[in-house]
Amino acid sequence: QPASPSDSEAASLSFLIVPHRVQRAAEVRALLLGVLALALLTAAFVRLRLANPTIVSLSFLVVVLVVGTMSTRRVAIATSIAASFGFNFFFLDPIGTLRISNPQNLAELFTLLIVSVFASHLSSQVREAQVLRRSAELKSALTELADLRKAVEAERSPLAQEISALEHKVVARRAEL
């Protein structure tokens with residue numbers, strides 16, 4: 001199970017942090033796309049008169065998983081709540097209300113919500129692990145580059161001394177002539 005970054009790891013990842021307003025705009029865009037996908041699915045299911053709760057809830061869950069994979073946990077949870085409300089309003093009796101008359105419908109609704117929140121959490125952990133792995137790769141590459149730079153400077157230093165000594169000899173010989 002991937003761990004969250006420690007404070008020192010988070011500090012070393014500071015170059016990966018996106019400015020707050022850019023991240024917020026991306027979150028809003030992802031949420032709007034998720035809600036739009038849910039609305040399109042709902043419209044298609046209503047138009048086709050497809051009211052099978054299993055098909056509807058699994059379709060909504062796919063949308064939540066995609067949003068959870070592409071965005072933040074917060075957006076995925078908001079999308080899962082929107083999916084639950086849409087599922088309740090359009091597909092559970094009494095249709096057109098947020099009231100639930102059948103205990104089985106309540107179980108279906110909460111199952112959709114719990115599974116979608118859990119799946120959002122898992123996809124978020126996978127994404128965080130990918131960021132940590134990429135950060136470790138970048139850190140390793142930077143360390144290798146720094147070591148290479150030190151080696152080049154170490155090689156250049158004696159060479160620069162030899163060139164300087166040769167220049168002094170050339171200048172001295174010209175002065176003799």
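Side chains are part of it too, since the values below use all heavy atoms of this structure and drop only hydrogens, waters and symmetry mates.
Residues Phe118 and Leu65 are members of separate hydrophobic clusters, defined by side-chain heavy-atom contacts under 4.5 angstrom among Ile, Leu, Val, Met, Phe, Trp and Tyr. Residues Leu112 and Val66 do not share a hydrophobic cluster, clusters being chains of Ile/Leu/Val/Met/Phe/Trp/Tyr side chains in contact below 4.5 Å. Side-chain heavy atoms closer than 4.5 Å link hydrophobic residues (I, L, V, M, F, W, Y) into clusters, and following such links, possibly through other members, connects Val35 to Val75. Connection of Phe85 to Phe110 is established within a shared hydrophobic cluster, with ILVMFWY side chains joined at heavy-atom distances below 4.5 Å, either directly or through further cluster members. Residue Val62 is not grouped with residue Ile114 when hydrophobic side chains (ILVMFWY) are merged at heavy-atom distances under 4.5 angstrom, including chains of intermediate members.
Side chains of Leu33 and Val67 form no contact here, defined as non-hydrogen atoms less than 4.5 Å apart. Contact check for Ser57 versus Glu108: no side-chain heavy atoms found under the 4.5 Å cut-off. Taking the side chain as every heavy atom from C-beta outward, Ile95 and Phe89 never approach each other to under 4.5 Å.
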Chi angles and distances behind the side-chain contact (heavy atoms from CB on, under 4.5 Å) call for Phe60, Phe91: CA-CA 12 Å; Phe60 282 6; Phe91 300 103; 4.0 Å; yes
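Separation of atoms CG (Leu41) and CG (Leu36) is listed at 10.0 Å; rounding is to 0.5 Å. For the atom pair CZ (Arg73) and CG (Leu122), the distance works out to 9.5 Å, reported to the nearest 0.5 Å. Going from atom OG1 of Thr79 over to atom CG of Leu38 covers 6.5 Å, rounded to the nearest 0.5 Å. Note that CG of Leu61 is 11.0 Å distant from CZ of Phe87, once rounded to the nearest 0.5 Å. With rounding to the nearest 0.5 Å, the separation of CD1 in Ile55 from OG in Ser59 is 7.0 Å. Taking CG of Leu106 as the reference point, atom CD1 of Ile100 lies at 4.5 Å (rounded to 0.5 Å).
Nearest heavy atom pair, residue Val63 against residue Gly34, reads CG1-O, 3.7 Å. The shortest non-hydrogen separation linking Ala76 to Gly68 is CB-CA, 3.5 Å. The shortest heavy-atom contact between Arg99 and Asn88 is O-OD1, 3.8 Å.
The main-chain N or O of Lys139 is found under 3.5 Å from a side-chain atom of Thr143 such that the two form a donor-acceptor pair.
Taking a 6.0 Å sphere around CD of Glu144, one finds it holds 12 or fewer heavy atoms contributed by other residues, nucleotides or ligands.
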